[in-house]
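On a predicted model such as this, the values are computed, not experimentally measured, just so you know. Every number for a ligand or one of its atoms is a count from 1 in the order of the listing.
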Amino acid sequence: KKYVAEPYKIKVVEPIAVTSRAQREEVIKKAGYNTFLINSSDVYIDLLTDSGTTAMSDNQWAGIMMGDEAYAGSKNFMKLQEAVREVYGFKYIVPTHQGRGAENILSQITIKEGDYIPGNMYFTTTRAHQEMNGGTFVDVIIDEAHDSANENPFKGNIDLKKFENLIDEVGADKIPYICVAVTVNLAGGQPVSMKNLKEVSKLAKENGIMVMYDATRCVENAYFIKEREEGYQDKSIAEILKEMMSYADGCTMSGKKDCLVNIGGFLAINDEKLYQKATQLVVVYEGMPSYGGMSGRDMEAMARGIYESVDYNYIHHRITQCRYLGDKLSDAGIPIVKPVGGHAVFLDAKQFYPHIPQDEFPAQMLAAQLYLKSGVRSMERGIISAGRDKDGNNYHPKLELVRLTIPRRVYTYAHMDVVADSIIDLYKERDKVKGLKMVYEPPVLRFFTARFEPL
Ligand SMILES: CC1=C(O)/C(=C\N=C(/Cc2ccc(O)c(F)c2)C(=O)O)C(COP(=O)(O)O)=CN1
């Protein structure tokens, strides 16, 4: 398979754990069949998440030495503010320790009891903060996004009809903003087209509703627009990203993904009044508006990461490496979410284990089996992650997935081959695998610490 060689060379290495099957059997039992509870020292290839697992560049590490740890008005904040203004185009920026720090503040300053927040598919922390502030999340993504085999090139798109129906149903004054995730994590890292962003922005403006992006993987989204959307092939990633952001009133950002850092995030806003409300809260939850829970050195690393992230060679390799894994799996007949997303390959556990009913947690079991087989850690993104509704009933998401999340600039194609080969082996033994029962269920965001036993 043709692939794009890494546009960087390795300068520092971090040995990884080569384990035996016997060791892994001990580990998975102790971890209650939950990959979140496995120690990093017992993991060979860690595809749990792309969040905070990035390898920073030498330029970013050099920035760590330039930390201005002044409590107020740090030089690094000025650098970060300049980077966000230049690359994203937003006027005001409130640094936070990570994405959910921004989600917490945005939700508190915009959502009132009884409000509705439309969005393109839910995300766990985003929906949690919206609900904690009395809002109700309403999924307005196109239907195709819930069909893992559908190859629509922009499966993250908002269904304008659904958005309009909600406005007619509840009234625009009950909708503080529409949350547009670019890309859509749980749909399989699927992008939103520029055309759809423009249309959403127009409809929202006509109704006095703000548009807030969850910009966590926005550079990946820009790459897909360049690759797939008419009229953008000759534009740079930076130009596309800037245009994307111009259709939003602000964004929350988990810097731990597309800003290429291990910690950090921000809330960016154009409206001055909203910015002032945000600064009143950031001092309560994160710290001064000029550091927001980050050290000076981490703000410097994130500022430098923002500039690096729009380099074509970086993002071209990043997306291509992910697609390499996806193509190798689908060529071998393994059921995955199509098209392959920007940050991960998602295994369709419902099709992988058709004999295991969703209430026996097929995706949870598949992630455990993959660890047992090869020490590769992945993440359940199915019924366990979906949690329970207000009446305490399990949500039954159409997508019962295992996410193989590729950290940025960390693994080589050889690691991708190990992952692919072990999944292909697992598929051959799929009939022998049984489901799980949950033996410990925490009340909130249960997937992080729940424990299971084989049936
Ligand atoms: C699209 C989006 C995210 O992907 C995201 C985080 N993502 C994680 C970490 C994670 C989060 C929640 C889970 O249920 C989970 F199991 C994993 C992840 O692996 O994908 C956040 C929040 O950004 P923070 O992590 O910087 O606070 C906001 N928006």
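Among pairs with a residue in residues 175-197, those fulfilling salt bridge (Lys or Arg N to Asp or Glu O under 4.0 Å) read Lys195-Glu199, at least two apart in sequence or across chains.
Side chains of Val283 and Pro289 form a contact here, defined as non-hydrogen atoms less than 4.5 Å apart.
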When the side chains of residues 123-130 are checked against the rest of the protein, which donor-acceptor pairs come out under 3.5 Å, sequence neighbours left out?
| from | atom 1 | to | atom 2 | distance (Å) |
| --- | --- | --- | --- | --- |
| Thr125 | OG1 | Glu103 | OE1 | 2.9 |
| Thr126 | OG1 | Glu103 | OE2 | 2.6 |
| Arg127 | NH2 | Ala386 | O | 3.1 |

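The closest side-chain donor-acceptor pair between Ser295 and Glu69, if any, does not fall under 3.5 angstrom.
In this structure Asn59 satisfies the side-chain contact (heavy atoms from CB on, under 4.5 Å) test together with Ser57, Arg304, Glu308, sequence neighbours excluded.
Checked against a 6.0 Å centroid threshold, the rings of Phe154 and Phe224 do not count as neighbours.
Within 4.0 Å of ligand 1, protein heavy atoms come from Phe36, Thr49, Ser51, Gln98, Gly99, Arg100, Glu103, Phe123, Thr124, Thr125, Asn185, Asp214, Thr216, Arg217, Ser254, Lys256, Lys257, Met379, Arg381, Arg403, Phe447, Phe448.
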